[in-house]
Amino acid sequence: MGVTKEQVESSLTSKLKPSHLEVIDTSGGCGASFVIEIVSEQFEGKRLLERHRIVNAALEEEMKQIHALSIKKALTPEQWKQQQEAEKSKPDA
C-alpha cells in the first residue's frame with residue numbers, strides 16, 4: 001500500500017506549519033501521485049525551486065513511495081493573501 005493523503009498532510013503540517021494546505025490524491029487511491037497547494041512562512045525569502053526542495057525534504061520518507069508530486073502552489077502567507085484578494089476582485093465571467 002502506498003502513502004495516504006493523510007500521511008502527506010500530517011508530515012507537511014508538522015514540518016512546515018502551513019496556514020493553508022490542500023493535498024489531492026491523483027493516483028486513484030493507490031498513494032503514488034499527489035497535487036499539493038501549500039502556504040507557509042518558511043517560504044519567506046525563498047525562490048520557487050528552494051520552496052519545492054523544502055516540500056520534498058519534508059516528505060522525504062513518503063517520497064520513497066510517491067511516484068509523482070505536483071506542487072501547484074508554494075506561497076508565503078502574504079502572497080496567498082494577495083492572490084485571494086485578486087481572485088475576489090475579478091468579475092465573474
Side-chain angles (χ1 to χ4, degrees):
M1 168 95 186
V3 177
T4 66
K5 173 184 179 228
E6 291 75 22
Q7 285 173 295
V8 172
E9 289 172 341
S10 177
S11 288
L12 291 173
T13 299
S14 68
K15 294 172 183 156
L16 301 181
K17 313 273 187 278
S19 55
H20 169 78
L21 176 63
E22 183 177 349
V23 178
I24 301 167
D25 183 345
T26 56
S27 66
C30 74
S33 178
F34 294 91
V35 173
I36 294 173
E37 188 174 283
I38 184 168
V39 178
S40 174
E41 289 181 1
Q42 292 190 34
F43 297 147
E44 285 293 344
K46 304 277 193 293
R47 292 193 171 130
L48 185 60
L49 183 60
E50 293 173 285
R51 294 174 185 192
H52 284 216
R53 286 179 176 152
I54 290 168
V55 171
N56 282 319
L59 295 173
E60 184 178 6
E61 281 304 307
E62 291 82 357
M63 289 303 291
K64 293 174 184 175
Q65 297 178 59
I66 294 174
H67 299 289
L69 180 67
S70 173
I71 304 169
K72 194 165 78 172
K73 293 180 184 173
L75 304 173
T76 65
E78 184 59 32
Q79 289 170 323
W80 176 251
K81 181 180 168 199
Q82 289 172 0
Q83 194 173 77
Q84 295 303 301
E85 289 171 359
E87 287 177 12
K88 283 181 195 169
S89 64
K90 282 184 189 174
D92 290 334

Item checked: Distance in Å, Trp80 CH2 paired with Glu85 CD, rounded so as to fall on 0.5 Å steps -> 12.0 Å
Checklist line | hydrophobic_cluster_shared for Val23 and Val39, side chain cutoff 4.5 Å | finding: no
Note to self: Nearest 0.5 angstrom please: Glu44 CD to Leu75 CG, how far?
What the structure shows: 10.5 Å
Next item on the list: Report whether Ile71 and Phe34 are members of the same hydrophobic cluster (ILVMFWY, side-chain heavy atoms less than 4.5 Å apart, transitive linking).
Entry: yes
Next item on the list: Kindly compute the distance separating OG1 (Thr13) from CD1 (Ile38), expressed to the nearest 0.5 Å.
Entry: 7.5 Å
Next item on the list: Measure the shortest side-chain to side-chain distance between Gln83 and Glu87 over non-hydrogen atoms and say whether it is less than 4.5 angstrom.
Entry: yes
Checklist line | Where Cys30 and Asp25 come nearest, the two heavy atoms and their spacing | finding: N-OD2, 4.4 Å
Checklist line | Considering all heavy atoms, the nearest Ala74-His52 contact | finding: CB-CD2, 4.3 Å
Check: Atom NZ in Lys73, atom CD in Glu22: separation rounded to 0.5 Å?
Finding: 8.5 Å
Note to self: Apply side-chain contact (heavy atoms from CB on, under 4.5 Å) to residues Leu21 and Leu16 and explain how you reach the verdict.
What the structure shows: CA-CA 10 Å; Leu21 176 63; Leu16 301 181; over 6 Å; no
Checklist line | Sidechain-backbone polar pair: Ser19 side chain, Pro77 backbone, donor-acceptor under 3.5 Å | finding: no
Margin query: With clusters defined by side-chain heavy atoms of hydrophobic residues (ILVMFWY) lying less than 4.5 Å apart, directly or transitively, does Leu69 cluster with Val35?
Written below: no
Next item on the list: Output the distance between atom CD (Gln7) and atom CD (Glu9), rounded to the nearest 0.5 Å.
Entry: 10.5 Å
Check: Does the side chain of Ile36 come within less than 4.5 Å of Leu59's, by heavy atoms?
Finding: yes
Checklist line | hydrophobic_cluster_shared for Ile54 and Leu12, side chain cutoff 4.5 Å | finding: yes
Notebook entry, point to check: With a 4.5 Å limit on heavy-atom distance, are the side chains of Ile66 and Val8 in contact?
Noted result: yes
Margin query: Donor-acceptor pair, distance only, cut-off 3.5 Å: does the side chain of Ser14 make one with the backbone of Ser10?
Written below: yes
Check: Is it the case that more than 12 heavy atoms not belonging to Glu60 sit under 6.0 Å from its CD atom?
Finding: no
Notebook entry, point to check: Rounded to the nearest 0.5 Å, what separation is found between the NE2 atom of His20 and the CD atom of Glu37?
Noted result: 4.0 Å
Item checked: Test side-chain hydrogen bond (donor to acceptor under 3.5 Å, both in side chains) applied to Ser11 and Glu61, step by step -> CA-CA 9 Å; Ser11 288; Glu61 281 304 307; over 6 Å; no
Next item on the list: Kindly say whether Phe43 contributes a backbone atom to a donor-acceptor pair with the side chain of Thr76 at under 3.5 angstrom?
Entry: no
